[in-house]
Amino acid sequence: MATTKPADFNRKVDFGTVESVQNPNNGSIKKSFVKQFSLWYAPKTRTLNQQYQIQGTALDNTKVIVVRHNIAVEGIKVVQIDGVMYDIVQYSPDESNTIITYDFVTLKRRA
């Protein structure tokens, strides 16, 4: 991850949960995103070879973002980027003993 520069972390992602909220006007239940915290992220581009390898798997149609290592990410299942909700499909924390570490978070858009 040495090729990522601090300037690459120029987008915000909200980590949170999805809760059922009742509409006070008509009583209907709607699932809403509830933000827990935000982090700056850098998008991670896959090579064409990597894209071909994941076709037809559970990781097809996913995207990867990179965040600074944060232990709070581990328990989160849903994120929101620019108003779009994504499920966290895979979380790969960097638990090395270096000063600056990065976590890879694989996301799949919610249907």
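Side chains are part of it too, since the values below use all heavy atoms of this structure and drop only hydrogens, waters and symmetry mates.
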For atom CG of Asp82, is the number of surrounding heavy atoms from other residues, nucleotides or ligands below 6.0 Å larger than 12? no
Does the pair Val21 and Lys30 meet the rule for a side-chain contact (heavy atoms from CB on, under 4.5 Å), with working shown? CA-CA 5 Å; Val21 178; Lys30 179 183 177 189; 5.6 Å; no
According to a 4.5 Å side-chain heavy-atom criterion applied to Ile, Leu, Val, Met, Phe, Trp and Tyr, with indirect links allowed, do Leu39 and Val84 form part of one hydrophobic cluster? yes
Interatomic distance, CD@Glu95 vs CG@Asp103, rounded to 0.5 Å, equals 8.0 Å
Rounded to the nearest 0.5 Å, what separation is found between the CG atom of Leu107 and the OH atom of Tyr41? 8.5 Å
Side-chain donor/acceptor of Asp8 to backbone N/O of Lys5, under 3.5 Å: yes
If I compare all heavy atoms of Lys108 with all of Thr62, which pair ends up nearest, and what's the gap? CB-CG2, 4.0 Å
Heavy atoms of Phe33 and Gly16 approach each other most closely as CZ-N, 3.6 Å
Taking atom types as modelled and ignoring hydrogens, do the side chains of Ser28 and Asn26 form a donor-acceptor contact shorter than 3.5 angstrom? yes
If we only count heavy atoms from C-beta on, is the Leu59 to Gln90 side-chain gap below 4.5 Å? yes
Determine whether the aromatic ring centres of Phe9 and Tyr102 lie less than 6.0 Å apart. yes
Could you tell me if the side chain of Arg46 sits less than 4.5 Å from the side chain of Val64, heavy atoms only? yes
Side chain to side chain donor-acceptor pair (under 3.5 Å), that's the test. Do His69 and Asp94 meet it? Break it down for me. CA-CA 7 Å; His69 179 64; Asp94 183 352; over 6 Å; no
Min side-chain heavy-atom separation Lys63-Tyr86 under 4.5 Å: yes
Shared hydrophobic cluster for Val67 and Ile99 (ILVMFWY, side-chain gaps under 4.5 Å): no
With side-chain contact (heavy atoms from CB on, under 4.5 Å) as the criterion, how do Arg68 and Ile100 come out once you've worked through the C-alpha distance, each side chain's angles and the decisive distance to 0.1 Å? CA-CA 8 Å; Arg68 289 282 307 268; Ile100 299 175; 3.6 Å; yes
Compare every heavy atom of Asn25 with every heavy atom of Asn23, then report the nearest pair and how far apart it is. OD1-N, 2.8 Å
Side-chain donor/acceptor of Gln80 to backbone N/O of Asp14, under 3.5 Å: no
Test item: Thr47 side-chain N/O and Gln50 main-chain N/O as donor-acceptor pair under 3.5 Å: yes
Side chain proximity check, Ile81 to Arg11, heavy atoms < 4.5 angstrom: no
Non-hydrogen side-chain atoms of Lys77 and Ile88 separated by less than 4.5 Å: no
Between Asp87 and Arg110 (salt bridge meaning N to carboxylate O under 4.0 Å), is one present in this structure? yes
State yes or no: do Phe37 and Tyr91 share one hydrophobic cluster built from I, L, V, M, F, W and Y residues joined by side-chain heavy-atom distances below 4.5 Å, directly or via other members? yes
Among the clusters formed by ILVMFWY side chains lying less than 4.5 Å apart, do Ile54 and Ile65 turn up in the same one? no
What distance separates Ile29 CD1 from Gln22 CD, expressed to the nearest 0.5 Å? 4.5 Å
Any side-chain heavy atom of Lys31 sitting closer than 4.5 Å to one from Val18? yes
Determine the minimum heavy-atom distance between Lys12 and Ser38, stating which atoms define it. CD-CB, 3.9 Å
What heavy-atom pair brings Val73 and Phe15 nearest, and what distance separates the two atoms? CG1-CE2, 3.8 Å
